[in-house]
Amino acid sequence: MQENYPFGDIETKWQNFWDENGDFKTDLAAAKNPYYCLMMFPYPSGKLHVGHGRNYIIGDAVARYKKMQGFDVLTPMGWDSFGLPAENAAIKTGTPPAEYTLANIAAMKEQLRAWGCMYDWEKEVTSCLPEYYKWTQWLFLQFYKKGLAYKKNSNVNWCPSCATVLANEQVVDGCCERCDSEVDQKAMDQWFFKITDYAQRLLDDLDTLDGWPTRVKTMQKNWIGRSEGAEIDFPIVPRADGAGDNVDKIACYTTRVDTIYGCTYMALAPEHPELKNLVKGMPQEAEVLEFIKESSKLTNLDREADEVEKEGRFTGRYLVNPYNGEQIELWVGNYVLMYGTGAVMAVPAHDTRDFAFARKYNLPIKLSIQNPEGSLVLAEMKDAYTEDGTCVDSGDFSGVDNREAIKQMTALAEEKGFGTGKINFRLRDWLISRQRYWGAPIPMVYCPSCGVVPEKEENLPILLPTDVEFKAEGESPLKGSATFMNCACPQCGGAATRESDTMDTFVDSSWYFLRYLSARDASQAINTEICNKWMPVDQYIGGIEHAILHLLYARFFTKAIKDLGLIGFDEPFKHLFTQGMICKKGPDGNLYKMSKSKGNVVSPEELLKQYGADTVRLYTLFIGPPEKEAEWQDTGVEGASRFLKRIWRRVAENHAILCGADIPVCPPDVETMEAPERDLYRKTNETIQQITRGLDGAFTFNTAIAAIMELMNAIDALKISADSSDSAKIVFRDAIVNVVLLISPFAPHIAEELWVELGHAPGVMNADWPVVNEAALKRDELDMAVQVNGKVRDQIKVPASASQTEIEAIAMASEKIQTWLEGKTVRKVIVVPGRLVNIAVS
RNA sequence: GCCGGAGUGGCGAAAUGGUAUACGCACGGGAUUCAAAAUCCCGCGGAGAAAUCCAUGUGGGUUCGAGUCCCACCUCCGGCACCA
C-alpha cells in the first residue's frame with residue numbers, strides 16, 4: 001500500500017466505480033424502505049463556489065448515512081433553469097438562452113461529480129426543457145379550470161431594469177430583489193394564482209410541520225399575516241348641494257371595533273376607488289387631487305424610510321358612526337394602505353398613528369378604553385393607549401371588558417346589518433406574469449370572438465420560439481415572434497393571438513420534487529401512486545433565503561394539486577433543514593457571504609486539485625454547526641487534509657497487522673482484554689453511539705467529525721506494533737474499520753479505498769452502519785469528581801457497582817476533601833452516579 | 001417598534017441542570033533531519049512563586065450545583081414593519 005495519500009487517483013477511481021455500479025440509482029416502484037433526500041435544485045449559473053457546496057455536501061452525507069442504515073435512498077438533482085441571467089446573457093453576447101443554460105448545466109454537473117456527490121441522474125429534471133415545462137403549462141390549465149388562475153388589471157410592482165413585473169415577495173425594501181433597482185407601480189393586465197384561497201390552510205398546517213425550524217414557520221406565519229376583525233359600514237352624509245354619490249357608505253376594516261366610540265374621523269387611502277368621486281365639485285377637490293398625486297409618487301420612497309411624516313387632507317365630506325350616530329370628518333391620509341378596504345376608522349386615543357395624525361391636524365381625541373388601573377386621563381396622554389382595558393363612554397358597552405366588547409359589538413353590527421366579522425390576510429395573490437422570454441409560456445389564447453380561451457391540453461407544450469430578438473428594453477421578446485403569437489383559437493378555430501407573458505420561475509420550482517418521481521414519463525405530469533409512496537420528502541435541505549418565497553409557493557402547489565386529486569398529502573416536506581451561509585473576509589477585511597461582487601469567492605477547482613474532494617467535504621462539514629453561518633478559513637482546510645492523511649498513514653503503516661493472516665478473524669472479546677485495549681474498544685463504541693445519535697436528531701456533522709478525531713487519538717494511544725498481542729491487534733483493527741465506516745458519509749472516496757485495503761469487497765457505501773456493542777461500554781471503575789459547595793476539590797475512583805452510600809463514603813474518606821471539611825458542618829451530600837459527589841457545608 | 005436567534009480562550013467552536021473550554025486552527029517548546037518541509041511528543045483561558053482565586057455579554061434570582069432555567073438590561077445577526 002502506498003505511503004502517501006493519493007487523493008487524486010482514488011477520487012477519480014471511485015467516482016467512476018459508483019457510476020458504473022449504479023450505486024445511487026433507485027428503483028422507485030420496487031423500493032421497500034423509501035427515503036427521499038432532496039436538495040434545493042440550483043439555478044445553473046455555470047459555476048459553484050464552496051459556499052454553494054455546503055448544501056450538496058450536507059445532502060450527500062445524509063443520503064450516504066441513510067443508505068448505510070438500510071434505506072432505499074432517492075437523491076435526485078435537477079436545474080431551476082429558466083430565469084433572467086440567461087436572457088441577459090443573450091442580450092449581451094447573443095448566445096441563445098437555451099444554449100447558454102445547457103452549457104452551464106453540463107459544467108455544473110461536472111463540479112458536483114468532482115465533489116463526490118452522487119445523484120440518480122435518471123431522474124434529472126430541467127425546468128427549461130419542453131418535457132418539463134409542458135407539464136408546468138398543464139398544471140396552469142388545471143389551476144385555471146379550478147378558478148385558481150385568473151387575470152386581473154391591477155397596480156403591480158414593475159422593475160424598470162428587469163423590464164418585468166415582480167411578485168410582492170420579490171420586492172425587498174421597495175427595490176427589486178434581483179437587481180436592486182427601485183420598483184415602480186404600474187397598472188397592467190396580469191395573471192395571478194389564487195394563493196389567498198389557501199391562506200388559512202397554509203397557516204394551519206404550519207403547526208403540523210414538526211420537522212421544520214421554528215424560525216421558518218414564524219417567518220411564514222408573519223408573511224401570511226392573519227388578523228381577526230370586523231368590517232363596519234359608515235353611512236356617508238349627503239352633500240349639502242344635493243348632488244349624488246356613487247355609494248352611500250364607506251366600509252372600513254378594524255381589529256379594534258371595541259374602540260369605535262372613540263373614533264373621531266375616518267381616513268381613506270389615496271388610491272381608494274371612491275375618493276375622487278366623493279370630492280368631485282367640493283371646494284377641497286383640487287387640493288385632494290394634488291395630494292393623491294403627490295402620495296402616489298412617494299409610495300416607494302416611503303417604504304424605505306423608517307418613519308414618514310403622516311400627512312392628509314380633509315375631503316369636505318362627513319360620515320356617520322353607526323354605533324352612536326355621531327358625524328365624523330372624512331380625510332385622506334398617506335399612511336393608509338389599499339389593504340382590506342382601504343379605509344380606516346381613526347381612534348387617536350388608542351392608535352399611535354391616529355394619535356400623531358390627530359395632533360398634527362388638530363382633530364378631536366376621545367377616550368373609549370380605560371386601563372385596568374383606571375389612571376388614563378385624556379389631557380395628560382402623550383401617546384395612544386393601545387393595550388387592553390375596559391370600555392368607557394361607549395354607550396351600552398361602557399364597563400365591558402374590551403376583548404368581550406369586540407365580540408358583542410361585532411354581533412350587534414351583524415344583527416343591525418351595518419357590519420360583519422371578518423378575517424383578513426396580509427398575503428396577496430401570487431402574480432405570475434413576467435414580460436420576459438426565458439420562462440414557460442402561459443398557455444392562454446386571445447380570440448376576437450371567444451375572448452380569453454385556454455389552450456387545448458393536446459397542444460401542449462406551447463414551445464418557446466427561436467425567431468426572437470433580445471433587446472435590453474421594450475416589450476417581451478415573444479411579442480415580436482409572429483410564429484409564436486399567431487395561432488388558431490382552441491374554441492372556434494379562428495385567427496387568434498397568444499398570451500405573450502411567461503410564468504414566474506417560482507412556478508417551475510413549486511412542483512419539481514413531484515416530477516423527480518416520474519421524470520421520464522411523457523404521458524402524465526405526476527405519477528400519483530409513486531408520489532404517494534415517496535412523498536412527503538423525508539429530508540429537504542436548502543438555504544434559509546427560500547424560507548418564504550419558494551417554500552410557501554411549494555406548499556401552496558402541493559395543496560392545490562392535492563385538491564385536483566393527483567396526490568394524497570397536504571405538505572411536501574416533512575423535515576426541512578436550512579443550512580447557514582458560508583462567509584469569507586473580503587479584501588476590505590469584513591465578513592461577507594461569498595459572492596463575486598465582494599471578491600471573496602473560493603472556487604473549488606484549486607482546492608480539489610491541491611487537497612482533493614474528501615478534504616473539502618470534511619472541512620465544510622467540520623466548519624461549524626451546519627445551520628449556522630460559518631467563516632471559511634484556508635488554514636482549516638489544511639487541518640482537514642492533515643487528518644485524512646493521518647488516517648491513511650495509520651492504515652499504511654500497520655497494513656500487515658490490519659490485513660495479516662496471523663490475526664484470528666473474530667470480534668473483540670471484552671473478557672480477555674487488557675485495560676488499554678478495553679479503553680480503546682470502549683472509545684470505539686462510544687464514538688459509534690455518539691455519532692449515530694447526533695446524525696439522527698440534528699445534523700451535528702461538526703461534532704461527529706470531532707468524535708472521529710478523538711477516536712484516532714485513542715487509537716494512537718494504544719501504540720500498536722508487530723509484537724502486540726492478538727487481542728490488541730483485533731481491537732486496533734476493529735477501531736480502524738469503524739473509523740472508515742464512520743467517516744464514509746463525509747469523506748467517501750478515502751473510505752472506499754481504505755475499505756478495500758482492509759480486505760473488504762468494494763462498496764463501503766453499501767456496508768451496514770456500525771452498531772454499538774453494549775458490553776464494550778461497561779466499566780469496572782468510574783472516575784468521579786468530588787465537590788465541596790459546588791467546587792471540584794478532588795477526583796476519586798469508585799467501583800461501577802458501588803451504591804450511593806458507598807460512593808459517599810469513598811468521597812468523604814478523601815484526604816483532600818477532609819481538609820476542606822475541617823471545622824465545617826456537612827448539611828447535605830448529593831451523589832450523581834457516574835458524575836460527581838457534591839458536599840454542601842456551612 | 002414587533003417576532004425569532006446568538007453572545008464561551010488568540011481564532012472556528014464543544015458541553016441530557018452535574019468536573020466549562022472536547023475537537024480543530026494558530027502559537028510556544030522538544031524529538032527526528034546537514035537543514036527544512038512533513039511527521040511524532042509536550043504545553044497552551046487569566047492572575048499568582050505556590051496554595052489558591054477569577055473567568056461562558058452585564059446585573060439580579062431559583063438550585064446542593066447554572067454556559068444551560070427565570071427576571072431585567074446591553075450588543076450583534078435575521079425576519080416583519082404605517083396591515084388599522
Side-chain angles (χ1 to χ4, degrees), chain A residues 4 172-173 213-223 225-227 229 252-257 259 266-267 269 302-303 305-308 310 333-347 350-354 356-357 386 424-428 544-545 547-548 580-581 618-619 622-625 627-640 642-643 645-646 649 653 693 700 702-713 716 783-795 819 826-841:
Chain A
N4 292 319
V172 179
D173 294 333
T214 4
R215 174 159 79 126
V216 176
K217 289 193 277 189
T218 311
M219 280 161 77
Q220 293 216 352
K221 207 173 258 178
N222 290 341
W223 190 264
R226 183 186 197 268
S227 71
C252 75
Y253 176 76
T254 178
T255 55
R256 291 294 305 274
V257 69
T259 64
M266 184 182 284
D302 286 355
R303 295 254 159 88
D306 277 342
E307 197 144 324
V308 166
K310 289 167 186 43
N334 65 353
Y335 69 100
V336 184
L337 303 176
M338 248 338 272
Y339 164 78
T341 59
V344 295
M345 58 175 231
V347 185
H350 304 296
D351 182 283
T352 327
R353 294 155 302 182
D354 298 343
F357 194 85
T386 57
N424 245 324
F425 291 95
R426 204 192 80 110
L427 181 72
R428 318 292 167 88
I544 186 71
E545 64 274 19
I548 297 173
M581 279 183 301
L618 196 73
Y619 175 60
F622 187 63
I623 197 167
E627 69 281 1
K628 288 215 293 198
E629 278 191 8
E631 184 188 343
W632 186 273
Q633 285 176 330
D634 297 327
T635 49
V637 183
E638 195 74 48
R642 205 142 50 198
F643 182 59
K645 283 183 194 154
R646 183 172 161 211
R649 208 178 310 116
E653 286 163 356
R693 278 185 188 159
T700 50
N702 54 329
T703 50
I705 292 164
I708 300 174
M709 289 171 170
E710 278 188 62
L711 178 54
M712 272 313 286
N713 291 345
D716 283 359
D783 291 312
M784 287 177 66
V786 184
Q787 298 180 330
V788 177
N789 281 348
K791 294 204 166 142
V792 179
R793 297 304 183 191
D794 196 14
Q795 298 286 335
T819 63
V826 175
R827 284 190 296 128
K828 201 173 180 183
V829 179
I830 284 102
V831 178
V832 185
R835 295 268 180 192
L836 52 74
V837 178
N838 189 13
I839 303 164
V841 300

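No hydrogens, no waters, no symmetry mates; every other heavy atom, side chains included, goes into these values. Treat the numbers as computed from the prediction; the structure is a model and nothing was measured.
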A/R426 side chain near B/rG79 phosphate (N/O to OP1/OP2, under 4.0 Å): no

Nucleotide nearest A/K828 (side chain, heavy atoms from C-beta), chosen from B/rU19, B/rA84, B/rC64: B/rC64

Span that lies between the C1' atom of B/rG43 and that of B/rG9, in whole angstrom: 15 Å

A/E627 side chain reached by A/P213 side chain, heavy atoms, under 4.5 Å: no

Inter-nucleotide P distance (B/rG45, B/rA51), Å rounded: 15 Å

Side-chain donor/acceptor of A/K221 to base of B/rC3, under 3.5 Å: no

Nearest-neighbour nucleotide for the A/Y335 side chain, B/rA26, B/rC82, B/rG24 considered: B/rC82

Residue mapping more 5' on RNA chain B - nearest nucleotide basis, A/D716 or A/G624: A/G624

B/rC54 OP1/OP2 closer than 4.0 Å to side-chain N/O of A/K791: yes

C1' spacing across the pair B/rA72 / B/rU62, given as an integer number of angstrom: 15 Å

Atom-pair distance (CE on A/M219; C1' on B/rC2), nearest Å: 15 Å

Any A/Y339 side-chain nitrogen or oxygen under 4.0 Å from OP1 or OP2 of B/rA84: yes

Selection from B/rC64, B/rC23, B/rC25 that lies nearest to any side-chain heavy atom of A/N713: B/rC23

C1' spacing across the pair B/rA49 / B/rG5, given as an integer number of angstrom: 46 Å

Polar contact flag, side-chain donor to acceptor under 3.5 angstrom, A/D634-A/Y619: no

A/N838 (side chain) and B/rC64 (base): donor-acceptor pair under 3.5 Å: yes

Sugar-phosphate, base or nothing in reach of A/F643, heavy atoms under 4.0 Å: nothing

Nearest-Å distance once atom P is located in both B/rA66 and B/rC53: 15 Å

Atom-to-atom span, CE of A/M581 to P of B/rG78 - whole angstrom: 8 Å

Side chain to side chain, A/M345 and A/T259, heavy atoms closer than 4.5 Å: yes

Pairing nucleotide - B/rU52, Watson-Crick or G-U, each distance under 3.5 Å: B/rA47

A/R649 side chain near B/rC40 phosphate (N/O to OP1/OP2, under 4.0 Å): yes

Nearest-angstrom distance, C1' atom, B/rA81 to B/rU75: 22 Å

Between B/rG46 and B/rC2 - P atom distance, rounded Å: 41 Å

Counter-base of B/rA84, judged by Watson-Crick or G-U geometry with both distances under 3.5 Å: none

Partner nucleotide of B/rA26 by Watson-Crick or wobble geometry (both distances under 3.5 Å): none

A/N789 (side chain) donor-acceptor with A/V841 (main chain) under 3.5 angstrom: yes

Listed nucleotide nearest any side-chain atom of A/K310, set B/rC53, B/rU19, B/rC82: B/rC82

Donor-acceptor contact below 3.5 Å, side chain A/R215 vs main chain A/A547: no

Interatomic spacing from CD1 in A/I708 to CZ in A/F643 - rounded to 0.5 Å: 6.0 Å

RNA chain B: 5'-proximal contact among A/E629 and A/I839 (nearest heavy atom): A/E629

Distance, rounded to the nearest Å, where A/M784 contributes CE and B/rU19 contributes C1': 11 Å

Touch class at under 4.0 angstrom, heavy-atom based, for A/E631 against every strand present: nothing

Which nucleotide in B/rG79, B/rC3, B/rU19 has an atom nearest any side-chain atom of A/I548: B/rG79

A/N702 side-chain N/O to B/rA14 phosphate OP1/OP2 under 4.0 Å: yes

Sugar-phosphate only, base, or nothing, as touched by A/V336 at under 4.0 Å among non-hydrogen atoms: base

Syn/anti state for B/rG9 [syn: chi within 90° of 0]: syn

For B/rG4, the Watson-Crick or wobble counterpart (both distances under 3.5 Å): B/rC77

From B/rA13, B/rA84, B/rU19, nucleotide with atom closest to A/T255 side chain: B/rA84

Donor-acceptor contact below 3.5 Å, side chain A/N424 vs main chain A/S227: no

A/I839 CD1 to A/R793 CZ distance, which is reported to the nearest 0.5 Å: 11.0 Å

Touch class at under 4.0 angstrom, heavy-atom based, for A/R226 against every strand present: nothing

Sugar-phosphate, base or nothing in reach of A/G340, heavy atoms under 4.0 Å: nothing

For atom CZ of A/R642 and atom P of B/rG24, their distance in whole Å: 10 Å

Between P of B/rG24 and CG of A/L711, the distance in whole Å: 12 Å

Pair of N/O donor and acceptor under 3.5 Å linking B/rU19 base with A/Q787 side chain: no

Atom-pair distance (CD1 on A/I544; C1' on B/rG78), nearest Å: 8 Å

Greater than 12 external heavy atoms within 6.0 Å of A/K217's NZ: yes

Under-4.0 Å side-chain N/O to phosphate OP1/OP2 contact, A/T703 with B/rA15: no

Candidate nucleotides B/rC80, B/rA84, B/rG18, ranked by approach to the side chain of A/W223 - the nearest: B/rC80

Sugar-phosphate, base or nothing in reach of A/N424, heavy atoms under 4.0 Å: nothing

Sugar-phosphate, base or nothing in reach of A/Q795, heavy atoms under 4.0 Å: base

Any strand: nucleotide that pairs with B/rA15 via Watson-Crick or wobble, under 3.5 Å: none

Test item: A/D354 side-chain N/O and A/V347 main-chain N/O as donor-acceptor pair under 3.5 Å: yes

Atom-pair distance (CD on A/Q633; P on B/rC27), nearest Å: 13 Å

Sugar-phosphate, base or nothing in reach of A/I623, heavy atoms under 4.0 Å: sugar-phosphate

B/rA31 versus B/rG24 - spacing of their P atoms, nearest Å: 24 Å

Base-pairing assignment for B/rC34 (Watson-Crick or G-U wobble, both under 3.5 Å): none

Atom-pair distance (CG on A/N222; C1' on B/rG78), nearest Å: 12 Å

